[in-house]
Amino acid sequence: MPDIDVVNTGKTYSCLSGGSLLRTLLDGGEFIDNACNGVGVCGKCKIKIVSGNISQPVDCELKLLTAAELADGIRLACMVEVYGNTVVELLQMELKHKVLVKGYMPDDFVPDSHESGYGAAIDIGTTTVVTALVDMKSGDEIAHASMVNAQKSYGLDVLTRITYEYENGEKGIHELQDAIVGSINDMLDEACAKVDIDRHLVEHISVAANCTMMHMLLGVDARSIGKSPFIPEFKEAKTLKCADIGIDVAPDAELYCLPQVSGYIGADIVAGAYVCELDKVDENVLFIDIGTNGEIVLSRKGELLCCSCAAGPALEGMNISSGMRAADGAIEDVFVSENGIELHTIGDKKPIGICGSGILAILRELLKTGIVTKRGAFIKYDEIADDDWRKKYIRLNGSKREFVMHEEPEILVTQGDVRQVQLAKGAILSGFIALLNKAGIGMEDLDCVMIAGQFGAHLPEDSLISVGILPEAVRGKMKYVGNSSKTGAYMALMSKKARQDIEQLADKMQYFELAESDNYERLLMKASIF
């Protein structure tokens, strides 16, 4: 059995001859970015082979690796099979990511009376997980904990994780459940330690999550969500014992899982619709949760229509050549002019990559300066005059054009990056328009657009509109509501009436598949133009 020695950590792992280097390191707890779950296309799992007997499959797509890098021992860990003792050096470190814990709360919410005890409200997203520790008597959120979803080891998006279930069956289902339950236990430990409380005093937990994450939390087969007609195994609210799935709190602690509408409109969106009182408004209100999936709810004076579009992970900094999650050193805003490139990073640290808000900001600037056309193509290099200030920022990589944002370290925007954002923009805007068409109202009839979620909270109105994710007609009508999923979980934790109302609200939400709407492909193509 070959041994794998890791230079950075001093740890040694064993694997079967021909085993995957990536999976061995991940199973050992090492951090390696693994956006595509070992398919070989995201280029994020770079490691350095110091010495050893390995095989590098020649048929993989090394999209982001050059021949020179390969000559220096750099490999994609997912494409390395180990056949003998090997020494590797990790090239990445896990960063502390910025996670949104706060959200809008209705003024008229009245919690039930509780004599004592502690509870937890949890929001499980594909990318991040948030826990609020609550004093049930006062209703105060006394501590928070958050982390990147530990299921990241199995892929960054729900379809990649569902594919893992397809490939591994019951074993995969249990592994994904163990990962998210472990995340919850770790967050409860962290939150309770902040206020010196034994986590075994926590007696009530409520969870809002997207449909796939809810299935995986409960250990329910999620594979039906990944194939047409995308019907989940369950949609109704669930109440069970925390111990039944391994959440380590009070022995008889209750777990309440909010209801869902469809495979791609989950409890997180139902929670947001409830928090924003979409069924009670006497206006036309659009609610959007922008993330790996873009979920959209339209309230036409209380009548609710909803849809979901596959935005992909680009808007969270993934599938981008220099992309990263929101963490210190991530570029979050950019200004480009003949005077130079002005970068703003999270934490005012040295730039190391581009997060979601940053990729939108740079695209806004590339469109404004004409470096990228409205069809998403870089301006041709030989059409730029030598005295044009833009020329010094554009580089030819073979026949491909790249925009150089930063040189040390090298941070680029490629044509592929622009296309990734273009796909996300087209998906979200087409969903927006299709919902309005379905309801028979126009852009001018919208009174308010509510932006929810971890990613949406960091997107300025100007970037959303300049890139065209949202139309010019909604400028000045936006309201940011933060982590409405966690807030909905909190309300369900504190009030039995809220639970009843949330379950009734889920039944009122009419879902429709975008692909089934008239001329959707034409609408999607039109919406993809900047």
Side-chain angles (χ1 to χ4, degrees), residues 64 95 98 314-422 424-425 451 455-472 474-476 478 480 529-530:
L64 304 176
L95 301 171
K98 307 298 181 183
L315 297 183
E316 293 183 329
M318 299 296 104
N319 284 5
I320 300 297
S321 57
S322 298
M324 62 181 288
R325 298 187 186 95
D328 284 349
I331 297 169
E332 62 177 346
D333 205 355
V334 186
F335 297 95
V336 177
S337 71
E338 58 186 316
N339 297 321
I341 300 174
E342 180 183 332
L343 302 178
H344 296 270
T345 64
I346 296 176
D348 293 325
K349 303 293 185 181
K350 180 180 178 180
I352 56 174
I354 313 170
C355 66
S357 55
I359 193 64
L360 280 193
I362 185 58
L363 197 45
R364 176 196 69 210
E365 296 297 293
L366 295 181
L367 290 165
K368 184 173 68 177
T369 55
I371 293 173
V372 168
T373 71
K374 68 177 183 178
R375 294 194 175 275
F378 273 96
I379 187 173
K380 292 182 179 179
Y381 188 79
D382 56 9
E383 292 180 359
I384 307 175
D386 290 339
D387 60 353
D388 190 325
W389 63 268
R390 299 174 298 175
K391 194 159 191 171
K392 65 181 177 181
Y393 297 118
I394 300 175
R395 185 176 74 185
L396 286 176
N397 181 359
S399 61
K400 297 179 180 179
R401 286 149 285 174
E402 302 170 336
F403 182 81
V404 183
M405 292 180 63
H406 196 265
E407 293 185 350
E408 293 284 341
E410 187 174 80
I411 301 174
L412 306 173
V413 177
T414 68
Q415 183 65 70
D417 298 337
V418 176
R419 294 303 184 204
Q420 286 290 324
V421 177
Q422 196 167 12
K425 167 248 192 302
I451 309 293
F455 177 63
H458 300 287
L459 294 180
E461 181 181 85
D462 189 52
S463 289
L464 285 168
I465 293 175
S466 296
V467 173
I469 289 178
L470 297 180
E472 181 66 37
V474 304
R475 190 180 293 274
M478 292 189 201
Y480 292 85
I529 297 173
F530 288 115

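Quick note: numbers below take in every heavy atom, side chains included, and nothing from hydrogens, waters or symmetry partners.
- Considering only heavy atoms from C-beta on, Leu363 stays 4.5 Å or farther from Gln422 through its side chain.
- For the 3.5 Å distance criterion, the side chains of His344 and Glu342 qualify, holding a donor opposite an acceptor.
- Counting heavy atoms from C-beta outward, Ile346 and Ile331 have side chains that stay 4.5 Å or more apart.
- In this structure, Arg395 fails the cation-pi test against Tyr381, since its NZ or CZ atom is not both closer than 6.0 Å to the six-membered ring centre and inside 45 degrees of the ring normal.
- Side-chain contact check for Gln415 versus Lys400: every heavy-atom pair is 4.5 Å or farther apart.
- Contact check for Leu343 versus Met405: side-chain heavy atoms found under the 4.5 Å cut-off.
- At least one side-chain heavy atom of Trp389 sits less than 4.5 Å from a side-chain heavy atom of Thr369.
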query = Can Asp382 and Arg401 be said to form a salt bridge (Lys or Arg N to Asp or Glu O under 4.0 Å), step by step?
reply = CA-CA 11 Å; Asp382 56 9; Arg401 286 149 285 174; over 6 Å; no
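- Lys350 and Glu408 are not joined by a salt bridge, as no carboxylate oxygen comes within less than 4.0 angstrom of a charged side-chain nitrogen.
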message = Go through it in stages, so that I can follow the logic: the residues are Leu470 and Ile451, the test is side-chain contact (heavy atoms from CB on, under 4.5 Å), and I'd like the CA-CA distance, side-chain angles, deciding distance and then a yes or no.
response = CA-CA 11 Å; Leu470 297 180; Ile451 309 293; 3.9 Å; yes
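- Around atom NZ of Lys391, more than 12 heavy atoms belonging to other residues, nucleotides or ligands sit under 6.0 Å away.
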query = Between Phe403 and Ile341, is a side-chain contact (heavy atoms from CB on, under 4.5 Å) present by the stated rule, with each step listed?
reply = CA-CA 11 Å; Phe403 182 81; Ile341 300 174; 3.7 Å; yes
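- Separation of atoms CG (Asp388) and OH (Tyr393) is listed at 11.5 Å; rounding is to 0.5 Å.
- In this structure, the side chains of Pro351 and Ile411 come closer than 4.5 Å at one or more pairs of heavy atoms.
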